[in-house]
Amino acid sequence: MMVQPIEDLHADTAAVPALDVSGLSVEFPSRHGTLTAIDNVSMQIAPGEILGVVGESGAGKSITGLAVLGLLESPGRLCGGSIHVGGRRVDTLTEKELTKVRGREMGAIFQDPLTALNPLFTVGKQLVETIRLHTGMAKDEANARALELLQAVGIPAPEERLRQYPHQFSGGMRQRVVIALALAAGPRLIIADEPTTALDVSIQAQITALLRRLCDTTGVGIMLVTHDMGVIAETADRVCVMYSGRVVESGPVADVIHNPQHPYTIGLMRAIPSLHDRVETLAQIDGSMPRLNARPTGCAFHPRCPHAGSKCSAETPPLVPVGTTSAACWLQQGGTQ
Ligand code: SF4
């Protein structure tokens, strides 16, 4: 039996974007001044679409996901822009209002499934309570939905598994339970932050295939946050490449992969292992992501960029359409000198 498609739950606004982030900025006040972690980031996710958000550690991709969920850790705070989930503005809600929206309209999947599960309660109890809290379903109905959800995420013998505790599941099966929990209330949006990073390689492809299938069958929109361009290539519809708190390239996955415009994206693409080209080592991008308190002026990628010119360290390139994608690089905007 399939889980009820969310188009049925949200029939009134099925055409509205699952997520619309516009001009989002996040800052962290510190003793040495205010540090901007996210700078004017915009992204949209349609119902049933997977948007990959990719970049190295420190690019700002996880902070973007946490900001959408309203889970920024203090002293981090929003300082500009707006966030709409299913057409509803969420960045101006009170904590109490946001708590309701978080379970009902937004689900979250993080790297370690154990942090999302309570070791003291059976998987069935956790699923049923989550379903009832956010949907108001009667107990019998919630039990039936919990069973459907475990079936939908590919857990064998779901009746028996509902009576078991998290420690009785393997890592991959636990992550499937977390995905079921994230889907429990029929959300419009799921933020999946490195959902496969802690899993065995053989399990990773199964989990990304599951996310793809659930996206197609339930209509949920997914923000897939990862450092791995290979995962994006296999799973996402569109991609946002982030570098040092900004989006540097975005567009349909196939276009970005086959014809990347930004030198940073080109570097990420070279780091993907290819089945066809037998190479001993993967290409690396020289240097590392700048720290928040040492962000270079102009294009933050300029100290690592093989094409950098004098303009690159002086002025920040805007994100503009380039063919079928958008890129923030002076190379496509009149030159780097
Ligand atoms: Fe490289 Fe300049 Fe483009 Fe930045 S703006 S990616 S430094 S060429």
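All figures in this text were calculated on a predicted structure; none of them were measured in a lab. As the structure lists them, so they are numbered: ligands from 1, and atoms in each ligand from 1.
Inter-residue side-chain proximity for Ser25 and Ile38 is flagged as unmet; no heavy-atom pair is nearer than 4.5 Å. A heavy-atom distance below 4.5 Å is found between the side chains of Phe169 and Val123. Side-chain contact check for Ile191 versus Val68: some heavy-atom pair is nearer than 4.5 Å. The side-chain heavy atoms of Gln111 and Asp193, taken from C-beta on, include no pair separated by under 4.5 Å.
Using a 4.0 Å cut-off to heavy atoms of His262, the atoms of ligand 1 that qualify are 6 (S). Per-residue contacts place Thr336 under 4.0 angstrom from the following atoms of ligand 1 (heavy atoms of the residue considered): 8 (S). Applying the 4.0 Å criterion to heavy atoms of Trp330 picks out, from ligand 1, the atoms 3 (Fe), 5 (S). Atoms of ligand 1 lying under 4.0 Å from any heavy atom of Cys299, numbered from 1 in the order shown and given with element: 4 (Fe), 5 (S), 6 (S), 7 (S). Near Leu331, meaning under 4.0 Å from any of its heavy atoms, are these atoms of ligand 1: 8 (S).
Closest protein heavy atom to atom 3 (Fe) of ligand 1: Cys329 SG, 2.3 Å.
Within a 6.0 Å sphere centred on NZ of Lys311, other residues, nucleotides and ligands contribute more than 12 heavy atoms.
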How far apart are the C-alpha atoms of Glu56 and Arg304, what are their side-chain angles, what is the distance that settles it, and do they pass the salt bridge (Lys or Arg N to Asp or Glu O under 4.0 Å) test?
CA-CA 13 Å; Glu56 295 162 287; Arg304 305 173 72 185; 3.0 Å; yes
Take Thr265 and Glu249 through the side chain to side chain donor-acceptor pair (under 3.5 Å) test and state the conclusion after the steps.
CA-CA 7 Å; Thr265 316; Glu249 183 157 4; 2.8 Å; yes
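In summary, Cys305 places an N/O/S atom under 2.8 Å from atom 1 (Fe) of ligand 1, meeting the contact criterion. Metal site remark for atom 2 (Fe) of ligand 1: Cys312 contributes an N, O or S atom at a distance under 2.8 Å.
Only the side chain of Pro263 comes within 4.0 Å of ligand 1, judged by heavy-atom distances.
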